[in-house]
Amino acid sequence: MDPISGGLGLIGLIIFIVTVVSIVRNPNHGAVGKFLWILAAFFLNILGSILWLVFGRGRVRN
């Protein structure tokens with residue numbers, strides 16, 4: 001295995017885990033919405049994580 005591709009895979013896994021934790025802890029979405037965002041992050045890899053950061057987080061309610 002090429003060390004560069006192995007390192008990129010590890011970085012992708014870390015980004016995915018951070019994204020899932022962020023999705024689960026977000027109070028702006030219900031269970032179905034969180035599940036759909038996790039599916040998007042899983043199947044779209046880095047793009048799914050970027051989409052979550054740009055569109056999914058929303059505003060925190062006071």
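Here the structure is a predicted model, which means the values were calculated and not measured.
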Point to revise | Worked check of side chain to side chain contact (heavy atoms under 4.5 Å, CB included) between Ile38 and Val24 | key: CA-CA 9 Å; Ile38 291 171; Val24 170; 4.2 Å; yes
All side-chain contact (heavy atoms from CB on, under 4.5 Å) counterparts of [X], not counting sequence neighbours:
X     : result
Ile15 : Ile11, Thr19, Ile46, Ser49
Asn26 : Asn28, His29, Trp52, Arg57
Phe55 : Trp37, Leu51

